[in-house]
There are 2 protein chains.
Amino acid sequence: MTHTTGGRPGRRLTSYELATWRGFIETAEQLRTVLGGRLREDSGLSEGDYGVLLALSEAEGRRMRSSALATHIGWERSRLSHHLGRMERRGLVARRECAEDSRGAEILATTEGMSAFRRATVPHLRAVRELFLDALTPAQLDAVAEIVAALRDRLPPGP
Amino acid sequence: MTHTTGGRPGRRLTSYELATWRGFIETAEQLRTVLGGRLREDSGLSEGDYGVLLALSEAEGRRMRSSALATHIGWERSRLSHHLGRMERRGLVARRECAEDSRGAEILATTEGMSAFRRATVPHLRAVRELFLDALTPAQLDAVAEIVAALRDRLPPGP
DNA sequence: GCCATGTGATTGACACGTCAATCATGATGA
DNA sequence: TCATCATGATTGACGTGTCAATCACATGGC
């Protein structure tokens with residue numbers, strides 16, 4: 001069942017290797033797109049919105065320092081800042097000055113933001129089950145976990 | 001080694017399932033980002049540019065109908081149109097009117113475009129080997145191929 | 001106290017992607 | 001022929017993401 005001819009470090013890629021790579025990256029991208037579309041239909045939230053609101057919903061008092069939020073969801077700060085601007089315009093989050101450090105900002109989810117998040121979460125998790133978990137056998141799911149761990153080891157540390 | 005408790009259709013996601021899902025989607029995203037950054041450094045091309053030039057480089061006479069190109073690389077037409085506009089401005093491709101159908105456009109890679117593509121290709125494939133293929137055992141690579149096939153079966157057909 | 005330096009966060013410019021609308025041309029049928 | 005509809009492609013508006021620059025405030029050394 002193994003199509004590779006063993007380790008081939010530094011060699012030209014076989015078409016099998018190339019196709020597997022492309023398949024991996026394209027399938028992940030398509031999954032993101034489809035899930036994102038459903039999320040949008042169900043709740044009007046984007047994947048980014050969902051991630052931000054998820055983090056805030058799990059935080060003490062539904063509020064978090066902007067930098068902590070960025071670290072928590074693994075985003076660059078400028079990305080978060082732009083995104084929060086858009087979410088604020090839509091009334092999903094609010095910014096407050098930070099008491100301890102006047103440079104800082106506290107982000108908090110609005111009632112409307114939490115409501116949209118709750119509306120999103122069940123269908124979103126259902127879609128993850130349907131398109132990802134249900135497509136895989138338990139052994140394949142374990143394989144995904146292993147593979148992800150192996151790939152992460154080679155990846156340079158995040159921002 | 002199996003962490004799931006067997007098929008759990010319709011149930012709430014376990015934290016293992018959720019973490020595996022998140023790991024999958026985030027790792028793929030990070031791989032794209034890192035590969036994209038290297039590509040940019042090595043050649044000044046984005047991943048999109050690379051895909052377009054790859055398709056053109058393999059086409060008869062380095063030219064292709066816009067719609068054929070879109071289908072070939074799996075992009076929506078408007079996306080391709082915008083992207084070609086940016087590439088044309090940078091001198092990487094050129095648009096010509098199509099002889100057989102005056103509605104159509106022929107896209108062709110310029111000398112400069114092909115030169116950038118050649119500059120990009122070796123380091124790009126090397127990076128794919130380094131960050132993806134070399135990180136996985138042959139059995140894991142086969143597992144990726146299987147998993148990708150299983151996921152694709154559940155995915156709605158493309159644009 | 002004051003300045004240099006670091007840190008939290010925002011901004012502007014620009015590339016990328018999607019959606020809906022548009023436009024021109026080809027094909028079809030009364 | 002001409003009205004209609006389909007098709008190839010582009011456009012505009014807008015959300016998203018990155019990079020480099022900026023701004024305000026904190027902090028530590030003198």
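Chain A is the first sequence line, chain B the second, and so forth, proteins listed ahead of strands; every chain is numbered from 1.
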Quiz item: Which is the 5'-most and which the 3'-most nucleotide of DNA chain C that has an atom under 4.0 Å from a heavy atom of chain A?
Solution: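 Range of nucleotides within reach of chain A: C:dG6 to C:dA13.
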
Rounded distance in Å - [atom1] ([X]) to [atom2] ([N]):
X	N	atom1	atom2	value
B:Arg38	D:dT18	CZ	P	17 Å
B:Arg79	D:dA13	CZ	C1'	18 Å
B:Glu76	D:dG15	CD	P	18 Å
B:Leu35	D:dT18	CG	C1'	17 Å
A:Leu80	D:dC19	CG	P	16 Å
A:Ile73	D:dG17	CD1	P	10 Å
B:Met87	D:dA9	CE	P	16 Å
A:Glu88	D:dT16	CD	C1'	18 Å

Practice problem: Mind checking salt bridge (charged side-chain N to carboxylate O under 4.0 Å, His left out) for B:Arg38 and listing every partner two or more places apart, or none if nothing turns up? | Solution: B:Glu130

Exercise. Only pairs at least two apart or in different chains count here, so list each salt bridge (charged side-chain N to carboxylate O under 4.0 Å, His left out) that has a residue in residues 107-128 of chain B.
Key: none

Qualifying residues under side chain to side chain donor-acceptor pair (under 3.5 Å), relative to [X], sequence neighbours excluded:
X	value
A:Ser57	none
A:His72	none
A:Arg95	A:Glu88
A:Glu29	none

Quiz item: A:His82: what forms a ring-ring contact (aromatic ring centres under 6.0 Å, His included) with it, not counting sequence neighbours?
Solution: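 Partners of A:His82 under the ring-ring contact (aromatic ring centres under 6.0 Å, His included) test: none.
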
Practice problem: Please list, chain by chain and in numerical order, all residues satisfying ring-ring contact (aromatic ring centres under 6.0 Å, His included) with A:Tyr50, sequence neighbours excluded. | Solution: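 Only A:Phe117, A:His124 meet the ring-ring contact (aromatic ring centres under 6.0 Å, His included) criterion with A:Tyr50.
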
Quiz item: Does atom CZ of A:Arg86 have more than 12 heavy-atom neighbours from other groups under 6.0 Å away?
Solution: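 Count over threshold, so yes.
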
Quiz item: For atom CD of B:Glu58, is the number of surrounding heavy atoms from other residues, nucleotides or ligands below 6.0 Å larger than 12?
Solution: yes

Categorize [X] for me: base, sugar-phosphate, or nothing, with a 4.0 angstrom heavy-atom threshold over every strand shown.
X	answer
A:Ser67	sugar-phosphate
A:Ser66	sugar-phosphate
A:Ser78	base

Quiz item: Under a 4.0 Å heavy-atom cut-off, which of residues 47-65 of chain A touch DNA chain D?
Solution: none

Quiz prompt | Sub-4.0 Å heavy-atom contacts from residues 90-107 of chain A onto DNA chain D, ordered by number | solution =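 Hits under 4.0 Å, by residue number: A:Asp101, A:Ser102, A:Arg103.
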
Quiz item: How would you list all residue pairs meeting ring-ring contact (aromatic ring centres under 6.0 Å, His included) that involve residues 83-104 of chain A, not counting sequence neighbours?
Solution: A:Trp75-A:His83

